[in-house]
Amino acid sequence: MAKVLGTVYRAISAHLIHKAGCSLKDGATGAVTLIQRFGSALNLNIHFHILFLDGVYVHHDNRPPRFQRVEAPEKNELEDLVQLISQRLGLCRRPSDTRNVRLNAGKRETPSA
């Protein structure tokens with residue numbers, strides 16, 4: 001679960017930093033994550049609720065960090081980000097775990113039993 005959360009956080013964070021026109025070295029984001037383990041019917045349904053800052057803290061020289069707001073993502077940016085996260089999560093998946101959904105070029109397909 002930590003690998004998945006780290007992968008999602010890094011992808012979104014890098015997207016925000018680059019959108020602000022910064023390098024990963026000069027920018028920093030922040031987020032709060034709630035890990036929800038059950039659905040409304042008390043069924044096992046592990047998922048994340050992540051709240052990201054709507055901007056980036058920019059670090060230059062020895063000055064205090066300055067917050068730079070980033071515009072909300074466009075539809076195509078969200079699609080690209082979801083595609084990137086899907087590809088990266090496909091790499092995290094254990095090959096022997098057939099319970100997971102396989103990710104193939106951004107299309108979800110349920111593995112056959």
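All of these numbers come straight from a predicted model, not from anything done at the bench. Throughout, numbering of the chain's residues begins at 1 and tracks the sequence.
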Group every Ile, Leu, Val, Met, Phe, Trp and Tyr by side-chain heavy-atom contacts under 4.5 Å, then state whether Val82 and Val4 land in the same group.
no
From Arg66 CZ over to His60 NE2, what is the distance, rounded to the nearest 0.5 angstrom?
6.0 Å
Leu5 with Leu44, same ILVMFWY side-chain cluster at under 4.5 Å
yes
Cluster overlap Ile12 with Phe67, hydrophobic side-chain contacts below 4.5 Å
no
Under a 4.5 Å side-chain heavy-atom rule over Ile, Leu, Val, Met, Phe, Trp and Tyr, are Ile50 and Met1 clustered together?
yes
Can you give me the closest heavy-atom contact between Gly39 and Asn45, atom names plus distance?
N-CB, 3.8 Å
For the backbone of Glu74 and the side chain of Glu77, can you confirm whether one donor and one acceptor N or O come within less than 3.5 Å of each other?
yes
Any sub-3.5 Å donor-acceptor pair from Gln68's side-chain atoms to Ala20's backbone N or O?
yes
Test item: Val32 and Phe52 side chains (from C-beta on) under 4.5 Å apart, heavy atoms:
no
Return the NZ to CG distance between Lys3 and Leu89, rounded to the nearest 0.5 Å.
11.5 Å
Is any side-chain heavy atom of Arg10 less than 4.5 Å from a side-chain heavy atom of Val8?
no
Which atom names give the shortest non-hydrogen contact between Ala11 and Leu81, and what distance separates them?
O-CD1, 3.7 Å
Where is the tightest heavy-atom contact between Val56 and Gly27, given as atom of each residue plus distance?
CG1-CA, 3.8 Å
Using the rule that Ile, Leu, Val, Met, Phe, Trp and Tyr join whenever any side-chain heavy atoms are under 4.5 Å apart, tell me whether Val58 and Leu53 fall into a single cluster.
no
Sub-3.5 Å donor-acceptor pair from the side chain of His18 to the main-chain atoms of Leu16, do we have one?
no
Any Arg69 side-chain heavy atom under 4.5 Å of Asp54 side chain:
yes
Could you tell me whether the side chain of Lys19 and the main chain of Gly55 form a donor-acceptor pair under 3.5 Å?
no
Worked verdict on Tyr9 versus Thr33 for side chain to side chain donor-acceptor pair (under 3.5 Å):
CA-CA 9 Å; Tyr9 177 84; Thr33 304; over 6 Å; no
Verify side chain to side chain contact (heavy atoms under 4.5 Å, CB included) between Gln83 and Gln87, making sure each step is shown before the conclusion.
CA-CA 6 Å; Gln83 178 68 29; Gln87 289 172 349; 3.0 Å; yes
Considering all heavy atoms, the nearest Thr7-Arg88 contact:
CG2-CB, 3.5 Å
